Amino acid sequence: MTMRRPAAANPPYRLPPGLLSLRHRGGWFALGVLALIVASFWSLDLQWRQFLSWEAAQSMGRFVGEFFPPDTSPAFLQRVATGAWETLAMSALGTGLAALAGLALAVPASRLHDGDAAWARRPTRWLLNALRSIPELVWAALLLISAGLGPFAGTLALALHTAGVLGRLFAEAIENAPPGPGDALRQQGVGRARVFLYATLPQVLPQLLSYTLYRWENNIRAAAVLGVVGAGGLGQLLAFHMGLFQMGKTATILAAMLLLVALVDGASHASRRWLTR
């Protein structure tokens with residue numbers, strides 16, 4: 001009589017396929033990306049020799065030297081401070097509106113539980129794709145026709161583009177939320193809206209706030225660029241004085257942009273770390 005060996009407590013561990021194996025999908029994907037990069041270098045006419053030449057370095061040095069000394073007159077610094085406040089306000093208001101719109105669109109764009117039909121999921125995601133596929137500069141150029149010059153067009157442009165980005169991120173976070181609390185409430189006959197408010201939203205709220213703060217960092221930079229097309233803020237000052245080749249004033253505006261971005265990045269990073277503890 002042969003004795004059967006008892007089954008192992010844990011199944012045997014199977015190593016993943018080797019990097020050079022035909023079954024290694026990650027290796028094939030990395031090889032495809034590398035081939036695309038090589039083809040990009042081959043197809044683009046990149047003048048590296050001219051870019052790294054001594055003449056190019058001298059020209060760049062002369063151009064950078066024209067930025068010094070920066071204009072630090074009190075009257076101009078006051079204008080720069082006003083432009084910086086406009087840029088900050090545009091980014092904050094645009095991000096806030098985008099967060100509200102993104103959350104409103106994320107609910108129909110997500111499947112809240114396994115049995116959810118989610119009939120509006122696909123068309124809502126198409127709308128989110130359309131909103132974020134159009135860059136902020138294009139949105140601002142279109143909105144300048146109806147909203148006119150100034151920060152209003154820039155704020156709306158940031159809100160529309162960012163709503164598409166945050167809506168997609170929010171929808172993914174909602175779909176990946178742990179289903180346990182929601183299932184328990186649904187078994188007790190609780191309605192769809194209350195399940196979302198009391199089970200799903202509290203679980204994903206720190207992640208949603210983290211996404212919003214991160215997009216606010218990006219919108220500070222975008223708001224500074226939007227002024228180039230007449231949407232107000234530091235970008236409009238930059239376009240005006242750089243167009244007149246007033247490099248001292250341009251240097252002051254660039255320094256204000258760097259300082260503003262650094263302050264907002266630091267505050268946003270600290271807030272995200274506090275929220276995710």
Side-chain angles (χ1 to χ4, degrees), residues 67 70-71 75-106 109 123-170 211-265 268:
F67 285 90
D71 189 342
F76 185 69
L77 289 179
Q78 185 176 1
R79 290 179 57 197
V80 172
T82 302
W85 171 252
E86 280 189 358
T87 300
L88 181 63
M90 285 167 55
S91 65
L93 181 57
T95 306
L97 294 174
L100 295 176
L103 182 59
L105 292 172
T124 308
R125 293 204 171 207
W126 286 345
L127 175 60
L128 293 174
N129 290 340
L131 288 175
R132 72 173 181 271
S133 64
I134 301 176
E136 297 96 332
L137 274 175
V138 179
W139 276 122
L142 294 174
L143 291 167
L144 285 174
I145 301 173
S146 58
L149 295 173
F152 184 46
T155 302
L156 292 179
L158 289 175
L160 288 172
H161 177 80
T162 308
V165 177
L166 290 180
R168 180 58 184 270
L169 293 174
F170 289 177
Y211 286 147
T212 303
L213 289 171
Y214 179 70
R215 285 303 306 180
W216 185 35
E217 296 178 23
N218 296 335
N219 284 343
I220 281 286
R221 305 177 185 90
V225 175
L226 287 180
V228 176
V229 296
L234 288 174
Q236 191 165 350
L237 285 176
L238 178 65
F240 177 76
H241 292 289
M242 198 167 185
L244 296 177
F245 297 99
Q246 297 174 346
M247 295 308 176
K249 293 183 178 351
T250 301
T252 304
I253 297 169
L254 291 176
M257 284 183 174
L258 293 175
L259 179 61
L260 182 62
V261 170
L263 290 176
V264 172
D265 282 357
S268 178

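Every value quoted in this text rests on a predicted model; they were computed, and no experiment measured them.
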> Can you find a heavy atom in the side chain of L143 that is under 4.5 Å from one in the side chain of L160?
Replying inline: yes

>> Walk me through whether R168 and V165 qualify under side-chain contact (heavy atoms from CB on, under 4.5 Å).
In response: CA-CA 6 Å; R168 180 58 184 270; V165 177; over 6 Å; no

> Taking the side chain from T162 and the backbone from A159, do they hold a donor-acceptor pair closer than 3.5 Å?
Replying inline: no

> Is the count of non-hydrogen atoms from other residues, nucleotides or ligands lying under 6.0 Å from F67 atom CZ greater than 12?
Replying inline: yes

>> With a 3.5 Å distance limit and no angle check, can you tell me whether T87 reaches the backbone of L234 through a side-chain donor-acceptor pair?
In response: yes

> What distance do Q246 atom CD and F240 atom CZ have between them, rounded to the nearest 0.5 Å?
Replying inline: 6.5 Å

>> Restricting to non-hydrogen atoms, name the atom on L158 and the atom on A222 that form the minimum distance, rounded to 0.1 Å.
In response: CD2-CB, 3.7 Å

> With distance as the sole test, does W139 use its side chain to make a donor-acceptor pair with the main-chain N or O of L131 at under 3.5 Å?
Replying inline: yes

> Within the side chain of T212, is there an N or O that forms a donor-acceptor pair under 3.5 Å with the backbone of A99?
Replying inline: no

> Do you know which two heavy atoms are closest between V80 and A256, and how far apart they sit?
Replying inline: CG1-CB, 3.4 Å

>> Any side-chain to backbone donor/acceptor pair from T95 onto A92? Under 3.5 Å, distance only.
In response: no

> From L244 CG over to T250 OG1, what is the distance, rounded to the nearest 0.5 angstrom?
Replying inline: 8.5 Å

> Taking all atoms of both residues into account, what is the closest heavy-atom pair of P70 and T252, and its distance?
Replying inline: CB-OG1, 3.5 Å

>> Within this structure, what is the CG-OH distance for the pair L169 and Y214, rounded to the nearest 0.5 Å?
In response: 10.0 Å

> Does some side-chain heavy atom of I220 sit less than 4.5 Å from a side-chain heavy atom of E217?
Replying inline: no

>> Ignoring hydrogens, what is the shortest heavy-atom contact between A84 and L260? Give both atom names and the distance.
In response: O-CD2, 3.8 Å

> Tell me, do W216 and L88 make a side-chain contact under 4.5 Å, heavy atoms counted?
Replying inline: yes

>> Return the CG to CZ distance between L127 and R132, rounded to the nearest 0.5 Å.
In response: 10.5 Å

> Where the side chain of R125 meets the backbone of A109, is there a donor-acceptor pair that is under 3.5 Å apart?
Replying inline: yes

> Could you give the distance from CG (N219) to CG (L93), rounded to the nearest 0.5 Å?
Replying inline: 11.0 Å

> What distance separates L258 CG from L263 CG, expressed to the nearest 0.5 Å?
Replying inline: 11.0 Å

> If you look at every heavy atom in E136 and A157, which pair is closest and at what distance?
Replying inline: O-CB, 3.7 Å

>> The test is side-chain contact (heavy atoms from CB on, under 4.5 Å); show your working for I253 and F76 and say whether it passes.
In response: CA-CA 10 Å; I253 297 169; F76 185 69; 4.0 Å; yes

>> Within the 4.5 Å heavy-atom criterion, are M257 and L238 side-chain neighbours or not?
In response: yes

> Checking H241 side chain against M247 main chain: does a donor-acceptor pair fall under 3.5 Å?
Replying inline: no

> Do H161 and R215 come close enough that some side-chain heavy atom pair is under 4.5 Å?
Replying inline: yes

> Is R79 reaching over with its side chain to a backbone N or O of A75, donor-acceptor style, under 3.5 angstrom?
Replying inline: no

